[in-house]
Number of protein chains: 2
Amino acid sequence: MLTSISERLQDRFDSLTRAERQLVAVITENYPVSGLGSITSLAEKAQVSTPTVARLVQKIGFKGFPEFQAQLRSELEATISGPIAKHDTWAEAVPDSHILNQFTEAVMSNIKTSIGQINTETFDQCCALLADNKRAVYVVGGRITRAMADYFFLHMQVIRPGITHIQAISNAWPHYLLNIERGDVVVIFDVRRYENSTLKLAELAAAKGAEIILVTDQWISPVSRYTKRVFASKITVPSAWDSSVTTLLLLETIIAQVQQATWPETRARMQELEAMFDDTKFFRKFT
Amino acid sequence: MLTSISERLQDRFDSLTRAERQLVAVITENYPVSGLGSITSLAEKAQVSTPTVARLVQKIGFKGFPEFQAQLRSELEATISGPIAKHDTWAEAVPDSHILNQFTEAVMSNIKTSIGQINTETFDQCCALLADNKRAVYVVGGRITRAMADYFFLHMQVIRPGITHIQAISNAWPHYLLNIERGDVVVIFDVRRYENSTLKLAELAAAKGAEIILVTDQWISPVSRYTKRVFASKITVPSAWDSSVTTLLLLETIIAQVQQATWPETRARMQELEAMFDDTKFFRKFT
DNA sequence: TCCTATTTGTAAAAAACTCTTCAAATACTT
DNA sequence: AAGTATTTGAAGAGTTTTTTACAAATAGGA
């Protein structure tokens, strides 16, 4: 296996010349950042000439400076990224090339990117809106996002009263709009291909003074023109389809947060539900 | 004080254009290493043109790409001299203690554990079964898993004919059973609290000689007594609720794999669907 | 539907960088 | 101390990278 650059430099240090040692000292001192600039700047910092640098990297086995730098970058990547990116933990059981691995890696990366970009203030504000029982909540899903909207609705329904699921795709949605009042919350799901009916619905809801929360993809649905509360998830994966995993993660986090905020009031609802399950014997006893 | 590049990018994210957002996603994903190569390689990775990169860095206040890179290096220097481990991408923007972080970390860990435990042979076999058009496929969801079953159904419906969604909770399911034949595939979703009707349905389906695929949680539904094809996901998170993220990831991977396996036959179906969308103008043009 | 504004990429010019050549400087040997 | 071998940097050739100018494509509005 290829050894790291700093190792190679250390190994050959004895056989190097004065100018080269000077150079190695500079590279090692602030490793590996100092090697990431231009060959010129590195030479200047070490007070040697550029040919000296070029010769050194060739000496330790690279075709040229750019190749040396590329290696440096890839080492850096390995250093910086945590165990997740390196898939050390789970790659062992599954061959790298298997789709399970490829897919999981892509999803992990999507999650990291998307969650990192979320503004926590926006997040907290949205949760506060959803936890406010005085505001009615409407959940709007489209063709693709139907399942996500349904999942969100299902949980929120247990947590709080006054929640309604609107299928933006159906003909019935204008009727729901009649009930929307100023201050109500409308959670809109819209990913590519963005749906015209959803956009129209958003426009009307905004006109009625509703607070709109938009859950969308990295390309951002045009619904965003009616609200500042936007959650954009990265959804591209090695598949003919887009991934909803990041979106689901976001939803579950929102659910957890709202649940926590409303716990005192929700507690009773939850217990009632539990009791109902026990009575009906609809479910098996929790194992 | 000068703000960091990733901050600058995220601050202005809303006001950026499509190509620029693509670019930001790539930069952020493997930050900051991806920005340390040439402008050309960065542009290629993000699938945008080099001028787009040049324009973006100017937009966020640099004279040119080299200056941008210099700043990136100096940030890196500051980061590296400190604890490297702290550098997780999402940890920068989100305080450690925030629920977004706790939740994401828990989910990541669930994913790692669950995907690692999957037997690739079982996985491949299941995909092969689902890709076989000669077998009818039935998808069975319960109360909690309804949304997951629906999501799976929605995608499979596009990929292949002969797929049916059964709500195990409804009264209608015995009728569906009549149609099940030897060799048909029944995909059953069952997480705690395991539902009696689902178990009964599995028993009957097994008696008719159906191939059962079970998607369940870490405690494994009793349906497992009727099949060896079991996918168990870890679903515990810091919440009053269980997480479905890992399950969804599994489903999407199966969808991707089946899609790939049946591509030649599916291609036509997909194109027809696309054409329909274009005709109906139901959706907006993909941005 | 057409028109305007914006966005995006192509292509070529400008700039920067990398590498090679060669001669001067240095170190080493006899 | 002189000769030889090695090391080093200046300079420029050749390459790549960055930037700019402009035209095509796209989106949004009338």
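Please read all numbers here as calculations on a predicted model, not as lab measurements. Quick note on labels: first sequence line is chain A, next is B, and so on, each numbered from 1. Below, all heavy atoms of this structure are taken into account, side chains as well, without hydrogens, waters or symmetry copies.
Taking for each of S41(A) and Q47(B) the nucleotide of DNA chain C with the nearest heavy atom, the 5'-most of the two is the partner of Q47(B).
Judged purely by distance below 3.5 Å, without hydrogens or angles, the side chains of E20(A) and T17(A) pair a donor atom with an acceptor atom. The closest side-chain donor-acceptor pair between Q125(A) and R229(A) falls under 3.5 angstrom. Between S49(B) and T52(B), the side chains place a donor N or O and an acceptor N or O closer than 3.5 Å (distance only, hydrogens not considered). Side chain to side chain, Y176(A) and T164(A) fail the donor-acceptor criterion of an N or O pair below 3.5 Å.
The number of heavy atoms from other shown groups lying within 6.0 Å of CZ (F65(A)) is above 12. Within 6.0 Å of CD on Q47(A) lie no more than 12 heavy atoms contributed by other residues, nucleotides or ligands.
If you measure from atom CD of E20(B) to atom P of dT6(C), you get 14 Å, rounded to the nearest angstrom. Rounded to a whole Å, the CZ atom of F68(A) is 16 Å from the P atom of dC17(C). Here the C1' atom of nucleotide dC19(C) and the CD atom of E67(A) are 14 Å apart, to the nearest Å. If you take NZ of K59(A) and C1' of dT8(D), they are 11 Å apart, rounded to a whole angstrom. In this structure, CD of Q69(A) is placed 13 Å from C1' of dA16(C), rounded to the nearest angstrom. For the pair Q22(A) CD and dT7(D) P, the interatomic distance rounds to 15 Å; values are reported in whole Å. Nucleotide dT18(C) holds its P atom 6 Å from the CZ atom of F65(A), rounded to whole Å. Taking atom NZ of residue K63(B) and atom P of nucleotide dA15(C), one finds them 12 Å apart after rounding to whole Å.
Using a 4.0 Å cutoff on non-hydrogen atoms, the parts of residues 48-56 of chain A near DNA chain D are V48(A), S49(A), P51(A), T52(A), R55(A), ordered by number.
Checked against dT19(D), dT8(D), dT17(D), the side chain of T40(B) finds its nearest nucleotide in dT17(D). Taking only side-chain atoms of I39(A), from C-beta outward, the nucleotide of dT18(D), dT18(C), dT8(D) with the closest atom is dT18(C). For P66(B), the side-chain atoms get nearest to dT18(D) when compared with the rest of dT8(D), dT18(D), dT18(C).
Between E252(B) and D242(A), the shortest heavy-atom contact is OE2-O, 4.0 Å. When all heavy atoms are compared, the tightest approach of A202(A) to V223(A) is CB-CG1, 3.7 Å.
Side-chain contact between I166(A) and V186(A) is absent, with no heavy atoms from C-beta onward closer than 4.5 Å.
Using a 4.0 Å cut-off, some side-chain N or O of Q58(B) falls inside it from OP1 or OP2 of dT20(D).
In the helix from dT1(C)-dA30(D) to dT30(C)-dA1(D), the rotation axis of the first five pairs and that of the last five pairs differ in direction by 30°, rounded to 10 degrees.
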